[in-house]
J.: 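Quick one: the structure is below, questions incoming.
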Amino acid sequence: FYHMDLYGSKDRFDIFPEELSGRGDRSLGDMRRESALSSKKVQRPQEVGYDLEKEVAELAKMYGLDEDREKEIEFLGGHLEKVESRRPPAHTEKAGSQGSIYNTSKSSSSVEDPSQSTKQQGLPDEASQGENQSKGRADDEAESNIWSKGGLSSGGMSDEWNSQAVSEEEEEEEEEAADVFCSTCKIPIRAFDKLFGEHKDHEVAQLPSALESEKEEIHKNMCKLEEQIAQMENVASHLEEIFITVEENFGRQEQNFEVHYNDAVQVLAQKYEEQLEALGEEKRQKLEALYEQLVSCGKHLDTCKELTDETQELFLENDKAEFMKVKSFNYIIFSPYNYRLEEFLRKEVDLELSTLPDFEERVIDISEVEQLMNSINAIPAPCAPVINPQAPSAATGTSLRVCWGLFSDDTVECYQLCYKPVSNERHSDEQAEHTLKVKETYCTITDLLPNTQYEFWVSALNASGISPPSERAVYVTAPSPPTIKTKKIRSCENAALVCWESRDLNPVDSYTVELSKLTDEENDDIITESIVGIPNCEVLIHLQPTQKYRVCVRAQNLGGSSERSEPVLIHTTGTCFYLNEDTAHPLLAILDDGFTISCDELENPECDLPVYDNSFTRCIAILGSLIPFPGKHYWEVEVEEDTEYRTGVAFENTPRHGHLGANNSSWCMRHIITPSRHKYEFLHSGMTPDIRITIPPRRIGILLDYENCRLSFFNADLAQHLHTFKSHFQHYVHPCFALETPGILRIHTGITTPPWTAL
């Protein structure tokens with residue numbers, strides 16, 4: 001053993017610089033082989049100084065610390081401080097100058113026992129144990145081994161580097177990647193911290209699920225943010241509209257003020273001219289009156305002066321006879337002069353002024369101006385709105401949406417909407433009118449009748465009054481859902497004929513049939529096909545065999561589409577038809593299932609029971625629905641052995657007063673019971689081939705083949721062919737059934753054509 005004083009001097013850092021400088025990039029196996037080779041050497045001469053900084057750089061590179069320069073500098077500085085502070089005393093430097101020995105616990109030439117070597121070197125054995133542990137632990141032990149082989153494997157210095165390696169290992173463990181998420185602290189943590197750390201009692205989740213949750217939360221917040229952005233954009237757009245509206249209102253108000261001002265000035269000017277003209281007229285009248293009074297006064301003065309002169313002359317006369325004469329102009333009035341003077345004096349003289357110099361006080365009436373000035377802030381009554389025509393598909397069966405517009409700058413406080421139903425009767429004006437007041441330029445009216453026309457008109461209102469009504473517009477509500485005639489539906493393996501009826505009095509424009517193919521995997525509400533623009537109340541639909549469909553019908557007009565009708569199910573497993581009650585004989589009854597006919601009595605087939613125009617009158621028979629599909633059609637009739645019957649097919653125009661099979665418009669199989677046997681006839685135009693059937697069929701299969709012009713009968717229980725008619729059917733035919741004795745017949749439809757029917 002070598003005393004640790006050999007490693008206490010300053011020359012300790014100059015030992016084996018070449019080997020230690022390159023060990024950072026070598027594996028643990030290489031270092032062990034080098035250790036085994038170096039153990040054979042007892043002593044190695046001292047070479048250049050040990051480069052600790054380079055060694056630290058290699059360690060930093062090994063642990064990924066080379067990208068963080070600040071941590072590397074901190075790490076290097078801390079180790080240098082520890083080395084300087086924990087160097088041995090000065091008396092060990094002399095022994096250190098004699099050289100150094102490279103020693104390892106794995107060397108084959110070592111003289112100490114393994115346990116003692118392990119105590120001296122410490123971490124080499126830990127490195128060897130680290131090979132069986134995780135890779136991170138092996139790397140940490142390799143780093144410790146490198147430091148031990150560098151001359152720090154014994155004594156107090158070895159313990160210090162071991163403790164430093166352990167601390168580095170703990171730091172590396174703390175820097176391990178987090179694998180769970182703490183929901184309480186909202187941070188990612190290690191699973192170790194959940195088990196033993198401060199997050200032991202916290203709720204945690206897996207990182208992927210926590211990441212998805214955070215993404216969903218972020219997505220929700222982004223959606224909320226987008227909604228807020230949209231709202232703010234709407235608010236900004238609304239503010240812009242308000243700005244524009246303020247400018248427009250200001251312009252209109254300014255124009256209105258200017259108009260009212262000009263009107264007020266014009267009224268004032270007119271009042272001024274009128275008052276000035278009236279004042280001038282008053283002045284003229286005053287002057288004329290004063291002038292007339294002045295002229296009258298002058299004449300009166302002249303008369304007075306004349307009489308005074310004459311009186312004075314007469315007074316100076318000596319002749320009394322002349323004094324008594326009165327000379328007046330060119331003739332002489334023989335009257336006393338005194339009489340004339342008295343008469344003149346008796347006349348009253350008007351000494352008052354005919355007019356006063358003061359003028360009448362005139363007040364200009366400015367009430368009209370005040371009204372004009374007050375009307376500056378008043379608004380005029382609005383103009384009549386313009387009601388819009390009905391938009392397509394904007395109505396339901398009980399509601400309508402009416403829109404209108406106001407193509408002027410008038411101010412409107414609300415609108416008055418009036419409507420009433422349109423009637424073709426003479427007293428349509430007496431229909432009750434309904435009135436609504438709305439703020440917007442549209443209104444949805446509810447509680448209306450389906451497929452009904454309504455007349456609408458609208459007026460605008462403000463503080464000044466109400467506008468004239470608009471032109472009247474006619475709107476129509478959507479139709480009611482049609483009603484599918486279930487007993488009128490006919491179907492086969494590849495087609496179906498669907499019939500329905502309208503529930504409205506007014507006609508509709510068209511119908512739409514919606515199909516849904518029903519499967520176990522798909523949703524029943526999925527519409528797989530739609531047939532639009534159907535003008536009548538029936539449609540032939542091409543379908544796929546062995547499928548189940550749900551069929552609904554909608555009615556359409558200008559107002560929109562009705563709700564779906566009640567759905568019906570159609571199975572394309574075989575031919576389905578129903579019995580036509582209008583063709584049934586009065587003695588024939590149809591049971592509740594709709595496919596069983598019975599007859600209880602035959603005493604008087606030609607009885608007085610009510611007979612319809614299309615009913616059989618002689619043969620107790622009934623027709624089924626028309627089979628309007630090309631191809632093959634199969635159905636079965638269940639009979640009783642002691643019942644006499646007829647079954648087959650017939651044209652629509654087969655005679656109702658005859659028997660089935662007795663004419664050229666019907667083909668049927670007849671069963672009658674004779675005293676000796678059961679007799680079966682296959683009748684057409686009253687003729688039958690001679691065919692004997694030994695086993696009476698209880699279930700008769702009927703195969704109608706339009707394409708091959710065949711009508712075949714089978715014993716369905718035995719899969720036995722009975723007879724085939726070969727005839728070219730010029731028209732589609734009806735299944736037909738008749739009873740000749742009391743009994744019942746049961747018809748089975750929707751049956752897949754059996755393979756044994758192929759001839």
Side-chain angles (χ1 to χ4, degrees), residues 483-492 496-501 538 566 568-571 574-628 633-661 666-671 697-702 704 716 732-751:
T483 301
I484 298 179
K485 298 179 180 179
T486 306
K487 293 187 177 182
K488 296 291 185 179
I489 295 177
R490 287 148 281 175
S491 63
C492 63
L497 181 66
V498 182
C499 303
W500 61 87
E501 62 182 357
E538 65 177 17
E566 290 295 327
V568 294
L569 296 180
I570 296 178
H571 299 266
T575 301
C576 292
F577 59 85
Y578 291 88
L579 299 178
N580 191 350
E581 298 180 4
D582 296 338
T583 63
H585 189 276
L587 294 178
L588 196 66
I590 302 175
L591 301 187
D592 294 338
D593 61 358
F595 294 96
T596 302
I597 59 175
S598 66
C599 179
D600 296 333
E601 59 180 352
L602 295 176
E603 295 179 358
N604 188 11
E606 298 180 357
C607 58
D608 296 333
L609 294 175
V611 178
Y612 299 100
D613 295 337
N614 200 28
S615 300
F616 285 93
T617 58
R618 185 174 183 182
C619 179
I620 304 176
I622 188 173
L623 295 181
S625 304
L626 184 70
I627 302 178
H633 306 280
Y634 180 81
W635 64 94
E636 294 179 353
V637 181
E638 185 178 351
V639 299
E640 295 179 351
E641 188 175 352
D642 57 348
T643 301
E644 296 182 357
Y645 57 86
R646 299 185 188 214
T647 181
V649 297
F651 287 137
E652 173 68 30
N653 60 354
T654 189
R656 302 295 192 264
H657 58 277
H659 290 279
L660 296 176
S666 59
W667 299 258
C668 70
M669 172 184 174
R670 181 189 182 192
H671 171 243
R698 299 294 301 273
R699 196 178 184 96
I700 302 171
I702 302 174
L704 173 64
Y732 292 119
V733 296
H734 295 257
C736 58
F737 312 92
L739 287 171
E740 297 185 355
T741 60
I744 61 173
L745 295 178
R746 293 184 178 90
I747 299 97
H748 300 274
T749 64
I751 303 173

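For the single chain, residues carry numbers from 1 onward in sequence order. All values reported here derive from a predicted model rather than from experimental measurement.
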J.: Taking atom CD1 of Ile622 and atom CD1 of Ile597, what is their separation to the nearest 0.5 Å?
T.: 6.5 Å
J.: On a heavy-atom basis, which atom in Leu623 and which in Ala650 lie closest, and how many Å separate them?
T.: CD2-CB, 4.3 Å
J.: What is the distance from atom CG of Leu587 to atom OG of Ser598, rounded to the nearest 0.5 Å?
T.: 10.5 Å
J.: Thr596 and Asp593: side-chain hydrogen bond (donor to acceptor under 3.5 Å, both in side chains), yes or no, with the steps?
T.: CA-CA 7 Å; Thr596 302; Asp593 61 358; 2.7 Å; yes
J.: I would like to know whether Phe616 and Thr654 meet side chain to side chain contact (heavy atoms under 4.5 Å, CB included); could you show each step before the answer?
T.: CA-CA 10 Å; Phe616 285 93; Thr654 189; 4.2 Å; yes
J.: Taking atom CD of Glu652 as the centre, report whether more than 12 heavy atoms of other residues, nucleotides or ligands fall under 6.0 Å from it.
T.: yes
J.: For Glu636, check salt bridge (Lys or Arg N to Asp or Glu O under 4.0 Å) against everything at least two apart and list the hits.
T.: Arg699
J.: Determine the minimum heavy-atom distance between Arg656 and Ser615, stating which atoms define it.
T.: CB-O, 3.2 Å
J.: List for me each residue that meets ring pair (Phe, Tyr, Trp, His ring centres under 6.0 Å) alongside Tyr578, sequence neighbours excluded, and say none if there are none.
T.: Phe595
J.: Which atom names give the shortest non-hydrogen contact between Cys619 and His585, and what distance separates them?
T.: O-CD2, 3.6 Å
J.: Within the structure provided, determine whether Cys492 and Thr575 are in side-chain contact (heavy-atom separation under 4.5 Å).
T.: yes
J.: Heavy atoms, side chains only, cut-off 4.5 Å: are Glu538 and Lys488 in contact?
T.: no
J.: Who are the side chain to side chain donor-acceptor pair (under 3.5 Å) partners of Trp635, not counting sequence neighbours?
T.: none
J.: How many angstroms lie between atom CZ of Arg490 and atom OG1 of Thr749, to the nearest 0.5 angstrom?
T.: 13.0 Å
J.: Who are the side chain to side chain donor-acceptor pair (under 3.5 Å) partners of Ser491, not counting sequence neighbours?
T.: none
J.: Indicate yes or no: does Arg670 engage Glu740 in a salt bridge with an N to O separation below 4.0 Å.
T.: yes
J.: Can you list the residues that meet the ring pair (Phe, Tyr, Trp, His ring centres under 6.0 Å) rule with Tyr645, with sequence neighbours excluded?
T.: His671
J.: If we only count heavy atoms from C-beta on, is the Phe737 to Leu579 side-chain gap below 4.5 Å?
T.: yes
J.: CD1 of Ile744 to CD of Glu638: how many Å apart, nearest 0.5 Å?
T.: 7.5 Å
J.: Work out which heavy atom in Ala621 is nearest to a heavy atom in Leu660; give both atom names and the distance.
T.: CB-CD1, 3.9 Å
J.: Taking side chain to side chain donor-acceptor pair (under 3.5 Å) as the definition, give me every residue that meets it alongside Thr647, ordered by chain and number, with sequence neighbours left out.
T.: none
J.: Kindly give the heavy-atom pair with the smallest separation between Val733 and Leu626, and that separation in Å.
T.: O-CD1, 3.5 Å
J.: Taking atom OG1 of Thr643 and atom CG of Leu739, what is their separation to the nearest 0.5 Å?
T.: 7.0 Å
J.: If you look at every heavy atom in Ser625 and His734, which pair is closest and at what distance?
T.: C-ND1, 3.5 Å
J.: For Ile702 and Leu704, what are the C-alpha separation, side-chain angles and deciding distance, and is it a side chain to side chain contact (heavy atoms under 4.5 Å, CB included)?
T.: CA-CA 7 Å; Ile702 302 174; Leu704 173 64; 5.6 Å; no
J.: Given side chains that start at C-beta, do those of Pro735 and Ile627 come closer than 4.5 Å, heavy atoms only?
T.: yes
J.: Please round to the nearest 0.5 Å and tell me the distance separating atom CD1 of Ile570 and atom CD1 of Ile484.
T.: 8.0 Å
